[in-house]
**Student:** 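Here it is, the structure in full.
Computation of the quantities below employed the complete heavy-atom set of this structure, encompassing side-chain atoms and omitting hydrogens, waters and symmetry-equivalent molecules. What you see is a predicted model, and the numbers here were worked out from it, not measured in a lab. Letters go in sequence order (proteins before strands), and every chain restarts at 1.
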2 protein chains.
Amino acid sequence: MNYKEIENCPLNVFLKSFSGKWKPIILYCFFKNGNMRFTDLWRAIPAVSKKVLLQQLKELEKSEIVQRTQINTFPPEVFYGLSGKGDSLLPVILIIEEWITINKYQSEP
Amino acid sequence: MNYKEIENCPLNVFLKSFSGKWKPIILYCFFKNGNMRFTDLWRAIPAVSKKVLLQQLKELEKSEIVQRTQINTFPPEVFYGLSGKGDSLLPVILIIEEWITINKYQSEP
DNA sequence: CCGTATCCTAATGGATACTG
DNA sequence: CAGTATCCATTAGGATACGG
């Protein structure tokens with residue numbers, strides 16, 4: 001088993017797309033609310049700075065999990081939401097949710 | 001939707017247990033090889049330092065995903081491997097693997 | 001409203017030497 | 001062999017102000 005092989009293992013590839021303090025939370029918002037305007041998303045996650053929120057959204061966009069839509073009014077309206085690939089995560093999330101429940105896993109304070 | 005609620009969403013709780021550069025790789029080794037001596041694991045992941053490898057193992061132990069077994073010879077033999085909870089991750093990993101394959105997702109160089 | 005720039009702090013990870 | 005201690009480098013994230 002060489003090192004390149006283990007580095008590209010599915011779990012690693014998967015987790016790398018979601019590494020970032022706010023990414024899971026962002027996705028959760030989209031699963032619950034569908035597309036959201038940037039400012040509304042920000043209001044839903046008040047603890048993050050605008051800069052970082054944007055950063056994480058860009059990275060999710062690059063992974064093609066999140067889609068950005070801009071309407072060129074002034075001031076501009078920008079919506080973020082799940083792409084098709086993002087939507088396809090739902091069954092994965094549900095399995096994870098089930099695993100969490102079964103294992104009664106609690107996040108640490 | 002208040003903030004505490006979204007912070008404890010399953011995806012977030014799940015991902016927090018695996019946040020760490022080497023944790024997914026460590027788990028992959030255990031899934032492939034079963035229990036492993038510390039040094040053998042280290043040889044399988046040559047790019048990580050001993051200190052950090054130990055650190056990540058301890059965190060996985062704390063999440064009860066990994067189990068440590070020590071045999072008190074001299075020099076001591078210490079085995080690391082999946083706990084029952086760790087084993088129960090297998091179906092989750094398989095779904096993730098399937099998702100990765102379907103989406104032909106490639107890790108970035 | 002949306003995004004960028006700057007500056008700063010905290011957290012994570014790496015190199016190396018040492019011990020039982 | 002397994003683990004600890006130190007010290008250092010890199011990165012991620014946060015505060016704030018400004019611009020289109």
**Student:** Rounded to whole Å, please give me the gap between CG in Leu54(A) and P in dA12(D).
**Tutor:**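 Between P of dA12(D) and CG of Leu54(A): 16 Å.
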
**Student:** May I ask you to verify if any side-chain N or O of Thr39(A) is less than 4.0 angstrom from the OP1 or OP2 atom of dC1(C)?
**Tutor:** yes

**Student:** Is it the case that the side chain of Lys23(B) and the backbone of Ser19(B) share a donor-acceptor pair, with hydrogens and angles ignored and the cut-off at 3.5 Å?
**Tutor:** yes

**Student:** How long is the line joining CG of Leu53(A) and C1' of dT4(C), in whole Å?
**Tutor:** 14 Å

**Student:** Check whether any side-chain nitrogen or oxygen of Lys21(A) sits under 4.0 Å from OP1 or OP2 of dG14(D), and answer yes or no.
**Tutor:** yes

**Student:** Go through dA15(C), dA2(D), dT4(C) for me and flag the one nearest to the Lys58(A) side chain.
**Tutor:** dT4(C)

**Student:** Identify which nucleotide among dG20(C), dA17(D), dG14(D) has an atom closest to any side-chain atom of Pro76(B), counting heavy atoms from C-beta outward.
**Tutor:** dG20(C)

**Student:** Side-chain N or O of Arg37(A) less than 4.0 angstrom from OP1 or OP2 on dC1(C)?
**Tutor:** no

**Student:** Just compare dG3(D), dC1(D), dG14(C) and give me whichever is closest to any side-chain atom of Val78(B).
**Tutor:** dG3(D)

**Student:** Go through dT16(D), dC1(C), dA2(D) for me and flag the one nearest to the Lys51(A) side chain.
**Tutor:**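 Ranking dT16(D), dC1(C), dA2(D) by closest atom to the Lys51(A) side chain puts dT16(D) first.
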
**Student:** Can you find a side chain N or O atom of Trp22(A) that sits less than 4.0 Å from OP1 or OP2 on dG14(D)?
**Tutor:**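 Result: yes.
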
**Student:** Compare side-chain N and O positions of Gln55(A) against OP1 and OP2 of dG3(C) and report whether any pair is under 4.0 Å apart.
**Tutor:**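 No.
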
**Student:** Does the side chain of Gln56(B) get closer than 4.0 angstrom to OP1 or OP2 of dG13(C) through an N or O atom?
**Tutor:** yes

**Student:** Could you check which of dC1(D), dA2(D), dG14(C) has an atom nearest any side-chain atom of Arg43(B)?
**Tutor:** dC1(D)

**Student:** Counting side-chain heavy atoms from CB outward, which of dG3(C), dT4(D), dT4(C) is closest to Tyr80(A)?
**Tutor:** dG3(C)

